[in-house]
Amino acid sequence: MLKSFNYYLYFYNLNGNNFSFMASLDQYTGILGQKNAKHLLRRASFVYTKSLIDQYALLTPNQALNLLLTTNSPVVSLPYDPIPTTTPDGFWTESTALPTSFAGQLRKGGIVAGWWWYNAINSPNLKYKLSHFLSTCFTVEIGGSASATDFYDYIRLLLYYSYGNYKTLATKMTMNNNMLYYLNNTANTKTAPNENYAREFLELFTIGKGPQIGVGNYTTYTEADIVQAARVLTGFRRMSTRTVIDPDTSLPKGYNVYTYHHTSPKTFSSAFNNTVISAATNDVGMDTELNDFVNMVFNQQATAKNICRKMYIYFVKGTITPEVETDIIAPLAQDFYNNGYEIAPIIRKLLESKHFYDLDDSDPTNETIGGIIKSPLNQISEICTYLKATIPNPNTNAYEYYYKFWSIFVYNSYFTGSNMMIFDPENVAGHPAYYQAPDFDKNWISATNLISRYRLGESLLDGYNRISGNATIIAKINISLVVRDGNIITVANDPYILTSELCNALFAQNPNLDRVNYFMNTFLLQGLATFYWTNAWDDYIATGVNTVVESRLKLLVTNILRAPESQMF
């Protein structure tokens with residue numbers, strides 16, 4: 001296992017070394033082709049299919065982004081709880097009963113995550129990828145939510161603003177019932193100040209810490225600014241009944257209680273140009289005071305830069321060199337700032353750039369393509385969509401999907417074992433892969449979580465949980481049927497074409513001849529001549545009996561998915 005771990009790092013470092021180059025945000029106007037189409041789809045969507053690759057390969061990045069920045073109706077409109085099986089709680093998020101009156105809140109939070117994921121792998125656009133990115137910026141934990149219903153409203157807020165305005169989202173998130181509870185701001189009053197949300201709003205959600213230049217002075221803000229921010233944020237309360245509705249989003253929100261609000265002016269440090277925010281005089285004025293505070297934070301260029309760095313780490317790679325900081329982050333942040341923090345134009349600029357496609361240098365050891373280790377979320381999404389896993393439909397088989405497949409296998413076995421409980425990280429900082437320098441995405445690979453990554457593909461190919469327990473997972477990749485009928489292979493009875501096309505699709509970079517021959521000879525042919533496979537496949541086509549081809553394809557694909565090259569994208 002340790003040898004395999006080192007092998008991962010060898011391939012990662014091969015694509016991650018830092019060399020001098022001229023980073024460029026100039027728009028790439030050429031046709032994408034297969035390699036760049038695969039790269040774009042992997043980074044911008046949770047849907048990765050042969051048909052989409054072929055479609056996007058004929059487009060320019062601009063044309064591709066026109067498609068990616070669209071919205072489709074969710075295939076599953078509402079999360080559904082099939083437990084208890086005798087009288088299911090069903091569509092509990094639509095109930096007028098108090099959200100906390102329902103049993104199984106942690107399980108229901110997982111159901112909301114499963115609802116989001118099923119829609120994500122059936123939505124070939126940027127909305128769900130951006131909503132997940134935003135969750136790494138405005139982090140909550142399912143286990144730290146007041147209710148699964150509040151968590152559901154938080155997810156819907158992220159989706160609502162995925163193509164919208166980051167600054168507006170920061171304001172709306174402040175009044176989100178789930179966030180009010182999670183970071184204790186619902187308990188922040190003038191007589192009992194609570195600085196949790198104020199601190200994380202500055203440090204994690206918006207401007208970020210700069211270099212510490214003194215006691216309590218982080219360049220971009222100070223400890224005294226946190227105190228003042230907490231005073232601005234007093235008196236905003238969680239509404240447990242969800243009866244206060246935001247007029248812009250139509251989503252439930254918190255409410256204002258002026259008697260709990262700090263009623264003196266708030267004076268900020270020189271980091272914010274010694275701004276003084278006038279005190280509110282009533283409930284309505286609290287909203288004005290909040291807007292003044294948000295405007296003050298977002299008027300700082302450092303805020304735009306910090307958000308753009310997060311975006312770069314998520315969508316491009318974890319290494320931000322001085323040249324990237326100067327040539328990519330700085331101009332990207334300036335555009336973000338000038339456009340009032342609109343998300344869609346800035347993600348378009350990044351994903352259409354020559355830098356994103358690694359076309360601004362000729363150094364083969366400094367690749368953007370293959371420059372990130374896949375998160376467990378990206379890994380399972382890619383495998384299920386490209387290899388056409390048969391997954392229970394939550395609209396017609398809710399118990400099989402939400403309980404047997406999602407809850408037991410994906411959520412509590414695979415994600416737990418791979419150290420990525422989606423939307424439920426260890427703390428408010430989020431998953432280390434998105435913030436912990438210098439390793440960032442290397443945090444996805446460790447001796448403790450390799451087994452889950454190794455055995456995910458095997459589990460889906462077998463239809464049984466090979467990570468732990470060997471129980472059925474109610475989902476399966478019927479690989480011989482997929483190869484025969486799924487239009488992912490051009491000449492399935494040619495062992496070299498079959499192997500090379502599978503490797504090309506499932507690896508970030510196309511492998512060389514020796515690597516293809518290794519997989520073909522070791523796992524598909526197993527030392528036999530090439531005509532053995534040709535005859536076996538032709539017999540399968542003629543008779544429909546897949547005993548031989550299924551076992552050999554499963555062995556081949558299992559080992560391709562375990563390969564170091566398959567762990568990166």
Side-chain angles (χ1 to χ4, degrees), residues 73-123 127-128 131-132 135 138-161 172-173 175-182 186 237-246 249-255 391-413 415-416 421-425 474-475:
S73 299
V75 295
V76 184
S77 58
L78 296 166
Y80 182 92
D81 187 359
I83 304 295
T85 53
T86 50
T87 55
D89 284 342
F91 300 109
W92 88 96
T93 60
E94 302 306 292
S95 173
T96 56
L98 277 174
T100 52
S101 67
F102 291 93
Q105 289 293 328
L106 279 175
R107 177 175 49 78
K108 282 181 167 64
I111 285 172
V112 173
W115 162 80
W116 174 90
W117 182 73
Y118 194 88
N119 283 319
I121 63 167
N122 285 281
S123 301
K127 179 167 281 292
Y128 284 86
S131 71
H132 186 257
S135 80
F138 298 93
T139 307
V140 304
E141 301 169 59
I142 293 175
S145 299
S147 72
T149 310
D150 283 348
F151 172 67
Y152 167 66
D153 293 336
Y154 158 82
I155 292 293
R156 291 198 294 162
L157 185 62
L158 296 178
L159 286 166
Y160 187 92
Y161 282 102
K172 301 293 186 183
M173 190 61 74
M175 295 302 296
N176 174 260
N177 283 315
N178 199 63
M179 186 62 80
L180 281 163
Y181 179 87
Y182 175 61
T186 192
R237 311 286 284 182
R238 171 180 173 262
M239 175 55 78
S240 60
T241 61
R242 301 170 76 222
T243 52
V244 177
I245 304 300
D246 181 84
T249 65
S250 299
L251 296 174
K253 64 186 284 287
Y255 65 106
I391 298 170
N393 187 324
N395 287 318
T396 55
N397 295 292
Y399 182 78
E400 286 78 6
Y401 174 75
Y402 285 115
Y403 183 67
K404 290 190 173 182
F405 172 68
W406 179 260
S407 180
I408 293 178
F409 174 64
V410 180
Y411 200 71
N412 289 304
S413 183
F415 279 141
T416 299
M421 296 297 288
I422 62 168
F423 305 116
D424 200 15
I474 318 295

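Residue indices begin at 1 and follow the sequence shown. All heavy atoms count here, side chains included; hydrogens, waters and symmetry mates do not.
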Met421 vs Thr416 side-chain heavy atoms within contact, under 4.5 Å: yes
Qualifying residues under ring-ring contact (aromatic ring centres under 6.0 Å, His included), relative to Tyr255, sequence neighbours excluded: none
CA sep, side-chain torsions, deciding dist, call: Phe102, Ser95, side-chain contact (heavy atoms from CB on, under 4.5 Å): CA-CA 10 Å; Phe102 291 93; Ser95 173; 3.6 Å; yes
From Ile155 atom CD1 to Asn119 atom CG, the distance as rounded to the nearest 0.5 Å: 11.5 Å
Within-4.5 Å side-chain heavy-atom neighbours: Ile245 and Pro252: yes
Phe415 atom CZ: more than 12 heavy-atom contacts under 6.0 Å: yes
Flag, side chain of Asn177 to backbone of Met239, donor-acceptor distance under 3.5 Å: yes
By side-chain hydrogen bond (donor to acceptor under 3.5 Å, both in side chains) - contacts of Tyr411 (at least two apart): none
Considering all heavy atoms, the nearest Phe91-Pro79 contact: CD2-O, 3.5 Å
Positive for side-chain contact (heavy atoms from CB on, under 4.5 Å) with Leu158, one of Lys127, His132, Met173: Met173
Thr241, Thr93, Thr149 screened by side-chain contact (heavy atoms from CB on, under 4.5 Å) with Pro99, the one that passes: Thr149
For the student: nearest non-hydrogen atoms of Pro425 and Thr139, plus distance: CG-CG2, 3.5 Å
Between CE on residue Met179 and CG on residue Leu157, distance to nearest 0.5 Å: 9.0 Å
Side-chain touch Ile83/Thr85, heavy atoms, less than 4.5 angstrom: yes
ring-ring contact (aromatic ring centres under 6.0 Å, His included) partners for Tyr152, two or more places apart: Trp115
Separation of Asp153 CG from Lys253 NZ (nearest 0.5 Å): 13.0 Å
Min side-chain heavy-atom separation Glu94-Leu78 under 4.5 Å: yes
Contact summary for Pro392 and Ala475, nearest pair of heavy atoms: CD-CB, 4.4 Å
Of all pairs that satisfy salt bridge (Lys or Arg N to Asp or Glu O under 4.0 Å), the ones with a partner from residues 98-122, not counting sequence neighbours: Asp81-Arg107, Asp81-Lys108, Asp89-Lys108
CD1 on Ile391 to CH2 on Trp117, rounded to 0.5 Å: 4.0 Å
From CA spacing to verdict: side-chain contact (heavy atoms from CB on, under 4.5 Å), Leu251, Lys172: CA-CA 10 Å; Leu251 296 174; Lys172 301 293 186 183; over 6 Å; no
Residue of the set Tyr182, Phe151, Phe423 for which side-chain contact (heavy atoms from CB on, under 4.5 Å) holds with Glu141: Tyr182
Thr100 vs Ser240, side-chain contact (heavy atoms from CB on, under 4.5 Å): CA-CA, chis, key distance, verdict: CA-CA 8 Å; Thr100 52; Ser240 60; over 6 Å; no
Name the atoms and distances for all side-chain donor-acceptor pairs under 3.5 Å in residues 397-409, with sequence neighbours left out.
unit_1, atom_1, unit_2, atom_2, d
Tyr401, OH, Gly114, O, 2.7
Trp406, NE1, Gly110, O, 2.8
Ser407, OG, Asn412, ND2, 3.4

Set of residues satisfying side-chain contact (heavy atoms from CB on, under 4.5 Å) with respect to Ser123, sequence neighbours excluded: Asn72, Asn125, Tyr128
